[in-house]
K.L.:
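This is the structure I have questions about; it appears just below.
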There are 2 protein chains.
Amino acid sequence: MGERNILIALPENKNRRTISKRLRQDGYSVIYKRSGQDVLDYVQQEIPLIIIMGADLPKVSGWEVCKQLKLDRLTKKIGVVLYADERDDNEVILGLEMGADEFITADESIREIIARINALSRRIIIANNHIKVKDIEIDLDEHRVRKDGAPIDLTYIQFKLLYLLASRREDIFSRQEILERVWGKRVYVTNRTVDVHIKRLREKLGEFQYPSEYIQTIHGKGYRFI
Amino acid sequence: MGERNILIALPENKNRRTISKRLRQDGYSVIYKRSGQDVLDYVQQEIPLIIIMGADLPKVSGWEVCKQLKLDRLTKKIGVVLYADERDDNEVILGLEMGADEFITADESIREIIARINALSRRIIIANNHIKVKDIEIDLDEHRVRKDGAPIDLTYIQFKLLYLLASRREDIFSRQEILERVWGKRVYVTNRTVDVHIKRLREKLGEFQYPSEYIQTIHGKGYRFI
DNA sequence: TCTGTTTTGCAATTTACATGCCAAATATTA
DNA sequence: TAATATTTGGCATGTAAATTGCAAAACAGA
């Protein structure tokens, strides 16, 4: 999810050129792909912010790509914009079911199309820097954590630790992995220290009884946020 | 299903050399076979991740090999890529019916071919690490088991035991075999211990009455997952 | 720079957990 | 029914995790 990359998979025509030009003016970098398969291959390497694609792409249709993207944890955050020549409500419904975020049609003005892409882009950027799990909210930009809306003061390490775990719910992190990711590659800190920080974090999250509601201990493996 | 082994059964030419080289660069190990029969013989010993073969192999055609592979429980997980000099839609349909996973033709760019093989490889690895049986789901990567979507916490041994049984449904495992596969080759653990772990596992799977819905006891032989 | 405060890391202690085995109870087979 | 297998609960043991207090380090404000 580098920065402001947009992947466009549309047949080359005047419309595509205009959209690309306007997006570039707005500070996005634009990449083209031809087929649905190409799109799927590309996202294995790079995660664009948004993909704009025709509903009727060759090889793998836009709907199918959309569905696949939304299935994978790593790619489901990508904003998906489906493009059709004309508006068809059934298609819109189908697309929404597949998890598409926006629909644009050839008969809309470029101005409107760009406005909607920009709006989507903002929504995604905010969503990416903002994690909400149960009653806990984590805001990366503000460096702030809230529980039920009330701010919780975490120290530097506690915040990084929480963010690491919460940004990849369900994933188990070993103590070693946590050390490397929170403290950095070259650490001379004991594994046990992680336990202590987990405890202090749990405390601040308002957990005074065992087992924890948020941070689960996987015996012999590590911790995970649930 | 060792790691990232790819078996190539294609006539030697520039194309084959290029593909092999690129695959090796991507971290696969590549093995060659000549005829369809050779391929069938080989998979009795080793299970590669993917087989790339010409549709018109000598002795046994690629289609025939494909069909045979997909019939056998042990080999049907192998990804099959059929290669033809030119695209023929009828052949593609035939191949799909036979269970082939991908088709590549000489006129595609190497880059695209490699991308599609990589994508296939990922799909297979994911599918192999995820078992779904009845209402039980087992995810090897996440070290997580779910029943009706609700997570079940298993210990290390319990998880390995369940995974072993579930990965080969219907197969009966003797206690000795279970010991070797779950505890490792050199164990000094009683056979009876297996029973105890089976019991604990059944308990966690929510089975409090006899006989078990998931893990069947074969008197005098062992256990199997049904 | 000094001083008080907070944060952090560690070691010692306590607690929880997973595992293996036994023995009694129960089931299966012949 | 006798002989054999399996299930089950309990218990001991070793190991992993949680907790706690303390001291060093980092930090903030005067």
Side-chain angles (χ1 to χ4, degrees), chain A residues 143 145 151-162 164-165 172-184 186-226, chain B residues 143 145 152-165 172-184 186-226:
Chain A
H143 193 270
V145 176
I152 296 177
D153 282 331
L154 297 184
T155 69
Y156 181 68
I157 287 186
Q158 284 158 11
F159 186 84
K160 282 190 84 174
L161 179 56
L162 175 62
L164 172 67
L165 295 176
I172 300 172
F173 291 88
S174 72
R175 285 161 227 278
Q176 200 50 48
E177 217 173 332
I178 291 175
L179 282 177
E180 282 177 15
R181 286 178 177 266
V182 174
W183 276 257
R186 301 197 144 272
V187 270
Y188 303 96
V189 174
T190 319
N191 269 6
R192 295 284 119 238
T193 299
V194 176
D195 301 25
V196 177
H197 283 275
I198 290 278
K199 173 200 156 27
R200 304 209 251 238
L201 181 52
R202 281 171 170 162
E203 244 170 32
K204 286 209 182 164
L205 293 180
E207 312 214 85
F208 300 102
Q209 57 181 350
Y210 190 80
S212 164
E213 185 192 350
Y214 303 111
I215 298 168
Q216 195 178 39
T217 306
I218 313 300
H219 195 100
K221 293 221 175 271
Y223 298 96
R224 78 168 150 213
F225 201 95
I226 47 176
Chain B
H143 188 267
V145 176
I152 296 177
D153 286 326
L154 297 184
T155 69
Y156 182 68
I157 286 189
Q158 285 158 12
F159 187 84
K160 282 189 85 174
L161 178 57
L162 175 63
Y163 189 79
L164 172 67
L165 295 176
I172 300 172
F173 291 88
S174 73
R175 290 176 175 71
Q176 200 50 47
E177 215 173 334
I178 291 176
L179 282 177
E180 281 178 14
R181 286 179 177 266
V182 173
W183 277 258
R186 302 195 145 272
V187 271
Y188 303 96
V189 175
T190 320
N191 270 5
R192 294 291 115 238
T193 300
V194 175
D195 303 22
V196 176
H197 283 277
I198 290 280
K199 166 196 151 40
R200 289 170 182 162
L201 183 52
R202 282 171 170 161
E203 247 170 42
K204 286 211 181 164
L205 293 180
E207 312 214 86
F208 300 103
Q209 56 182 348
Y210 192 81
S212 164
E213 185 192 350
Y214 302 111
I215 299 168
Q216 199 174 45
T217 307
I218 312 299
H219 193 98
K221 295 210 177 289
Y223 298 96
R224 78 169 153 205
F225 201 94
I226 47 175

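As a basis for the values below, the full set of heavy atoms in this structure was taken, side chains included, without hydrogen atoms, waters or symmetry mates.
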K.L.:
Examine dT7(C): is either OP1 or OP2 under 4.0 Å from a nitrogen or oxygen in the side chain of Thr155(A)? Give yes or no.
P.N.:
no
K.L.:
Starting at atom CD1 of Ile198(B), determine the distance to atom P of dT26(C), rounded to an integer number of angstrom.
P.N.:
22 Å
K.L.:
If I take atom CG in residue Leu161(B) and atom P in nucleotide dA18(C), what distance separates them, rounded to the nearest angstrom?
P.N.:
15 Å
K.L.:
Respond yes when some side-chain nitrogen or oxygen of Thr190(B) is under 4.0 Å from OP1 or OP2 of dG20(C), and no when none is.
P.N.:
no
K.L.:
Where does the angle between the aromatic ring planes of Tyr214(A) and Phe225(A) fall among parallel (under 30°), tilted (30 to 60°) and perpendicular (over 60°)?
P.N.:
parallel
K.L.:
Quick one: is dA18(D) close enough that its OP1 or OP2 comes under 4.0 Å of any side-chain N or O from Tyr223(A)?
P.N.:
yes
K.L.:
Could you work out which one of dT6(D), dG9(D), dG9(C) sits closest to the side chain of Val196(B)?
P.N.:
dG9(D)
K.L.:
When the distance from CG of Leu154(A) to P of dT8(C) is rounded to whole Å, what number comes out?
P.N.:
10 Å
K.L.:
Glu203(A) CD to dT6(C) C1': how many Å, rounded?
P.N.:
15 Å
K.L.:
Kindly say whether, by distance alone, the side chain of Arg200(B) makes a donor-acceptor pair under 3.5 Å with the base of dG9(D)?
P.N.:
no
K.L.:
Can you check the Asn191(B) CG to dG20(C) P distance for me, whole Å?
P.N.:
13 Å
K.L.:
What's the CG-P distance between Asp153(A) and dT5(C), to the nearest Å?
P.N.:
18 Å
K.L.:
Considering just the side-chain nitrogens and oxygens of Trp183(A), establish if one lies under 4.0 Å of OP1 or OP2 belonging to dT8(C).
P.N.:
no
K.L.:
Of the listed nucleotides (dT19(C), dA17(D), dT28(C)), which one gets closest to any side-chain atom of His219(B)?
P.N.:
dT28(C)
K.L.:
With a 4.0 Å cut-off on heavy atoms, is Phe208(A) in touch with a base, just the backbone sugar-phosphate, or nothing at all?
P.N.:
nothing
K.L.:
Is Lys199(A) near enough to dT20(D) that one of its side-chain N or O atoms lies under 4.0 angstrom from OP1 or OP2?
P.N.:
yes
